[in-house]
> 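Mind looking over this structure? Questions follow.
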Amino acid sequence: MAFNDLFLRACRLEPVEMTPVWMMRQAGRFLATYRALRKKADFLTMCKTPELAAQATLLPIDELGVDAAILFSDILIPVEAMGMALDFTPAPVFAEPIRSEKQIQALRIPDPEESVPFVLEAIRILRRELTDRVPLIGFSGAPFTLATYMVEGSGSKNFIEVKRLMYQEPDLFAALMEKITETDTRYLNAQIAAGAQAVQIFDTWGGILTPEDYETYALPYTKEVIDGLNRDGVPVIHYVGTGSALLPLIKTAGSDVVGIDWRIRIDEARRILGPDTAVQGNFDPTALFAPVPEIQRRVKEILHRAGDAPGHIFNLGHGILPPTPEDHAKALIDAVHTYSRK
Ligand code: 1CP
């Protein structure tokens with residue numbers, strides 16, 4: 001088999017013979033084969049056992065025919081390495097959320113080779129396994145999204161704790177963000193050095209901020225991470241959940257590719273981002289519960305609106321949901337390839 005570099009070419013705004021497609025969160029949860037694998041080990045053990053993490057990463061490549069692989073891991077793995085005890089139940093929980101200066105001072109800026117060698121080893125295994133197949137994407141959480149989990153202690157609805165810190169103790173919040181930013185930069189550079197061929201920064205919760213707050217409390221740190229990456233030939237994808245209203249700001253963070261959700265039409269997003277930024281998205285993940293002909297219609301619509309200019313990577317606007325029918329996911333991948341082929 002010849003190496004499929006459609007994804008990398010689209011990230012670099014080069015011409016492609018068909019639109020590459022992968023799905024955020026494709027490596028876990030919705031595949032029966034993943035759930036079978038998960039019976040053998042709990043989630044953190046899977047993340048920390050390179051052979052198991054590599055196996056989970058390959059499942060959607062084998063079963064769905066996607067054009068890129070994303071490392072099986074979690075955005076909170078480097079946060080555990082900063083010194084916070086982490087549990088998955090299955091959603092992440094930090095037993096002792098960050099609420100004081102003392103706790104922020106105690107956080108480490110870990111060396112990835114020492115603290116998360118299993119992530120780097122999984123990447124090395126995967127590069128061997130994927131030689132003749134598809135590119136491997138590494139990832140991290142954006143500093144703001146990581147801060148939300150560290151301060152809230154878990155997922156949240158209104159994010160009051162992190163906002164309390166932000167608004168009432170801006171200097172403490174900045175000290176926390178600086179440590180996360182440094183950790184994140186080292187973590188992504190270690191993934192690139194180990195062989196990640198692209199990296200995606202997930203700012204899942206960036207869209208809970210007003211544009212002004214996003215510009216003050218989130219964007220500068222993500223920009224600092226992106227500026228600190230050894231990105232020679234390695235595309236950087238920047239995804240901000242519920243971020244459509246923030247696109248003009250997101251563009252200034254300087255990634256090669258911007259991930260968009262489904263709350264904006266992709267032609268409008270491309271107009272805002274301009275011809276020098278590639279775009280990834282924007283299929284609504286819940287539309288995978290529609291009948292297959294409707295999925296196909298929506299794929300056509302997005303491809304049509306994305307236009308002929310290079311630089312579209314087809315994806316969902318957020319992670320694939322665990323109850324998604326596998327044959328519907330497969331129908332989406334096939335539809336993208338069929339309808340976009342030149
Ligand atoms: O029991 C299990 O199997 C655990 C479920 C699970 C899985 C499979 C979690 C817990 N994380 C993951 C893997 C994961 N997480 C991947 C790689 C594999 C894949 O393709 O699924 C990636 C890229 C992530 C990234 C991640 N984790 C994000 C950003 C992407 C997004 O979906 O917005 C976030 C916010 C997390 C936190 C997290 N980890 C797990 C859960 C259930 C959550 C979300 C919690 C919440 O809603 O706040």
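When a residue number appears, it is its place in the shown sequence, counting from 1. Start at 1 and go down the list; that is how both ligands and their atoms are numbered. Treat the numbers as computed from the prediction; the structure is a model and nothing was measured.
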> Provide the number and element of each atom of ligand 1 under 4.0 Å from a heavy atom of P90.
1 (O), 10 (C)
> N/O to N/O below 3.5 Å, does that happen between T145 and ligand 1?
no
> Out of W205, F43, Y239, indicate the one that has the non-hydrogen atom closest to atom 4 (C) of ligand 1.
F43
> For E301, is there an ion pair with R305 - N to carboxylate O distance below 4.0 angstrom?
yes
> Indicate yes or no: does E182 engage K179 in a salt bridge with an N to O separation below 4.0 Å.
no
> Residue-level breakdown please: for H318 versus ligand 1, do any non-hydrogen atoms fall below 4.0 Å on the side chain, on the backbone, on both, or on neither?
side chain
> Which ligand 1 atoms are under 4.0 Å away from a heavy-atom of Q26?
20 (O)
> Any carboxylate oxygen within less than 4.0 angstrom of a Lys/Arg side-chain nitrogen, looking at R271 and D267?
no
> Run the numbers for me: atoms of ligand 1, each under 4.0 Å from some heavy atom of F202, listed by number.
23 (C), 29 (C), 30 (C)
> Less than 4.0 Å between a side-chain N and a carboxylate O, is that true for E152 and R99?
no
> How long is the straight-line distance from OG of S255 back to CZ of R231, given to the nearest 0.5 Å?
7.5 Å
> Students should be able to answer this: which protein heavy-atom is nearest to atom 23 (C) of ligand 1, and at what distance?
F139 CZ, 3.4 Å
> Is it the side chain (CB and beyond), the backbone, both or neither of P92 that lies under 4.0 Å from ligand 1, heavy atoms counted?
side chain
> With a cut-off of 4.0 Å, which atoms of ligand 1 are near a heavy atom of F72?
8 (C), 18 (C)
> State plainly whether the residues D276 and K251 are in salt-bridge range, i.e. N to O under 4.0 Å.
yes
> Between T204 and ligand 1, is there a nitrogen or oxygen pair with a distance under 3.5 Å?
yes
> Do Y149 and F94 have their ring centres less than 6.0 Å from each other?
no
> Who's the nearest protein heavy-atom neighbour of atom 28 (C) of ligand 1, and how far?
I75 CD1, 3.7 Å
> Quick one: does ligand 1 sit under 4.0 Å from the side chain of A56, the backbone, both or neither, non-hydrogen atoms only?
neither
> For ligand 1, which atoms have a heavy atom of G155 less than 4.0 angstrom away?
48 (O)
> Counting only heavy atoms closer than 4.0 Å, does ligand 1 sit against the backbone of R38, its side chain, both, or neither?
side chain
> Going by heavy atoms, is G319 under 4.0 Å from ligand 1?
no
> Do S244 and D261 have a side chain donor and acceptor closer than 3.5 Å?
yes
> Identify the closest protein heavy atom to atom 16 (C) of ligand 1: which residue and atom is it, and at what distance?
S73 O, 3.2 Å
> Under a 3.5 Å cutoff, is there a donor and acceptor pairing between the side chains of D256 and H238?
no
> Within the 4.0 Å heavy-atom shell around F88, which atoms of ligand 1 are there?
10 (C), 39 (N), 40 (C)
> Could you list the atoms of ligand 1 found under 4.0 angstrom from a heavy atom of L71?
17 (C)
> Would T216 and D213 count as having a side-chain donor-acceptor pair, cut-off 3.5 Å?
no
> Check this for me - ligand 1, A27, N or O atoms closer than 3.5 angstrom, yes or no?
yes
> Does the pair R186/E113 count as a salt bridge with the N-to-O cut at 4.0 Å?
no
> Considering only the protein, which heavy-atom contact is closest to atom 8 (C) of ligand 1, and what is its distance?
Y34 OH, 3.4 Å
> By number and element, which atoms of ligand 1 are closer than 4.0 Å to a non-hydrogen atom of A91?
42 (C)
> Which residue holds the protein heavy atom closest to atom 5 (C) of ligand 1, what is that atom called, and what is the gap in Å?
R29 CD, 4.0 Å
> Report yes if some N/O of D74 lies less than 3.5 Å from some N/O of ligand 1; otherwise report no.
yes
> At what distance is the nearest protein heavy atom to atom 35 (C) of ligand 1, and which residue and atom is it?
Y149 OH, 3.2 Å
> Ligand 1 versus R25, non-hydrogen atoms closer than 4.0 Å: side chain, backbone, both, neither?
both
> Is the gap between the ring centers of F283 and W262 under 6.0 Å?
no
> Is the closest basic N to carboxylate O distance between R265 and E268 below 4.0 Å?
no
> Classify the side-chain pair E63/T33 by whether it contains a donor and acceptor separated by less than 3.5 Å.
yes
> Do T89 and D87 get their side chains close enough for a donor-acceptor pair, meaning under 3.5 Å?
no
